[in-house]
2 protein chains.
Amino acid sequence: MQYRNAMPAQLPTTEKGRATRRRILQATSQLIAERGVDRVSLEDVEREAGVGRSQLYHYFGGRDDLLRAVIDTTTDAVLGAQNGLLDELDTFAAIERWFDGLVALQERRGAVGGCPIGSLVGQLAERDDQTRAALATGFERWEQPLVAGLTSMQDRGELRPDASVESLADMTMAAIQGGLLLTQVRRDPRQLRRALDGARAVLASAAAV
Amino acid sequence: MQYRNAMPAQLPTTEKGRATRRRILQATSQLIAERGVDRVSLEDVEREAGVGRSQLYHYFGGRDDLLRAVIDTTTDAVLGAQNGLLDELDTFAAIERWFDGLVALQERRGAVGGCPIGSLVGQLAERDDQTRAALATGFERWEQPLVAGLTSMQDRGELRPDASVESLADMTMAAIQGGLLLTQVRRDPRQLRRALDGARAVLASAAAV
DNA sequence: GCGTTTCTGTATTGCATAGTACAGAGACTG
DNA sequence: CAGTCTCTGTACTATGCAATACAGAAACGC
């Protein structure tokens, strides 16, 4: 399956057009999260979104272009699922609530599916650099609240001044992704729990004395 | 793309047959690591392995069966790439050498590709339970030397007796996977470095006092 | 050697599916 | 209300590719 590198395709100008485009993206994002990129055809998307072939090619340059665009929508969904928890990660307690929420979400889902964005990495990261960059942006958006929270803690003197907020945040994101991956593959939410317990310990060790 | 659930297909009895089967698996494993599951056709495999269509269906029950089988081969390759480092993970120094080796490998590869097994998770984990189980077995094999090493350290009194070797090993594997995923998506081996620094700190905190 | 099993080569089939063509509905604009 | 732009519906084309059919070579057993 090698598809053409297709054009950007303009954004819709009318409200109706924007709604259609949104419906396409949400349907695609959902189907991909359920089945994986290569098990979703344009026909599936048409059915799920209730649109015709012409709309797909009106709003997107082709399948590859649609896939690139869907990364942002998936990121929206992932961040949305954590809503409230991501708002102010500027205390250890808030970070722990966030962690607990992530574990609880996996328990609710039966440890199925892993991280929708993380799963896209294995499927799309090496396709082209634009796609990889879109994934990187997704993680940036996810990590940003944590960076902000930790920075605020450091400013308030709750984190040691010599601690690297960037490194701590990266380490935490890695724990989340790795924990979710093992959770998925082992169908065991405790995998995420253990990974996050480790991250918590490292964060705590950076607390001011 | 929906393929039939195909049969197990017997193992070859002759040496020549085993060699052919091995060549098919290695070619498939390599191509998939480079391009991803859905960018590798049976025709590609035939070319790369120098076999005909009939061989593929002689040794495997079909495309899906080949994919399941290739998970083991990919695991072999990943463990092989760490050879020597995985042998005796029963001191902090050995574990650090292992971590350093993983980071060095990513630097050499330009942070491209991530973890071949981890990448398969996003592509195959939700296909069917047998496939997911094969991936789980791959991680089991990878984690086993660490569990053995940590157990040995605990037996020798270098780890606190109340520390959970299983949890520590799971946390470490999560750090590796998450670190590799971020390394791949950001094209930055320091992501793995930071994740492993975190794991190292947690392991060190379980050292006997 | 002869039959049987294992292994290999090639041509073909059938289907799923990405992409295209083209017409038409609806809305806004002067 | 005529003209233009955005949006939508459907039928069609082309092709990549998994799967099959079938024949033949090579090895092995008795």
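Each chain gets a letter, A, B and so on, in the order the sequences are listed, and its residues count up from 1.
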Quiz item: Does any N or O donor sit under 3.5 Å from an N or O acceptor when you compare the side chain of A:Arg53 with the base of D:dA11?
Solution: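 No, no donor-acceptor pair under 3.5 Å.
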
Quiz item: Side-chain donor or acceptor of A:Ser54 under 3.5 Å from a matching atom on the base of D:dG9?
Solution: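 Check passes, donor-acceptor contact within cut-off.
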
Practice problem: Examine distances only and state if a side-chain atom of B:Gln123 and a backbone atom of B:Val37 form a donor-acceptor pair shorter than 3.5 Å. | Solution: yes

Quiz item: Is a donor on one side and an acceptor on the other found under 3.5 Å between the side chain of A:Ser29 and the backbone of A:Leu25?
Solution: no

Self-check item: First of A:Leu42 and B:Thr20 reached from the 5' end of DNA chain C, by closest nucleotide
Solution: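 Mapping each residue to its closest nucleotide by heavy atoms, the 5'-most match is B:Thr20.
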
Quiz item: If you find the nucleotide of DNA chain C closest to B:Arg23 and the one closest to A:Asp44, which residue's nucleotide is nearer the 5' end?
Solution: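 The 5'-side residue here is B:Arg23.
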
What's the closest nucleotide to the [X] side chain, out of [options]?
X	options	result
A:Lys16	D:dT8, D:dT20, C:dG19	D:dT8
B:Ser41	C:dT8, D:dC17, C:dA18	D:dC17
A:His58	D:dC17, C:dG9, D:dT6	D:dT6

Side-chain donor-acceptor pair under 3.5 Å between [X] and [Y], yes or no?
X	Y	answer
A:Glu46	A:Gln55	no
A:Gln30	A:Gln26	no
A:Ser167	A:Asp170	no

Below the 4.0 Å mark, does [N] have OP1 or OP2 next to a side-chain nitrogen or oxygen of [X]?
X	N	result
B:Thr14	D:dC28	no
A:Thr13	D:dC5	no
A:Tyr59	D:dT6	no

Between [N] ([atom2]) and [X] ([atom1]): distance, integer Å:
X	N	atom1	atom2	value
A:Glu43	D:dG9	CD	C1'	14 Å
A:Leu56	C:dT20	CG	P	13 Å
B:Gln55	D:dC22	CD	P	19 Å
B:Tyr57	C:dT12	OH	C1'	14 Å
B:Leu11	C:dC7	CG	C1'	15 Å
B:Asp64	D:dA19	CG	C1'	12 Å
B:Arg22	C:dC7	CZ	P	13 Å
B:Phe60	C:dC7	CZ	P	12 Å

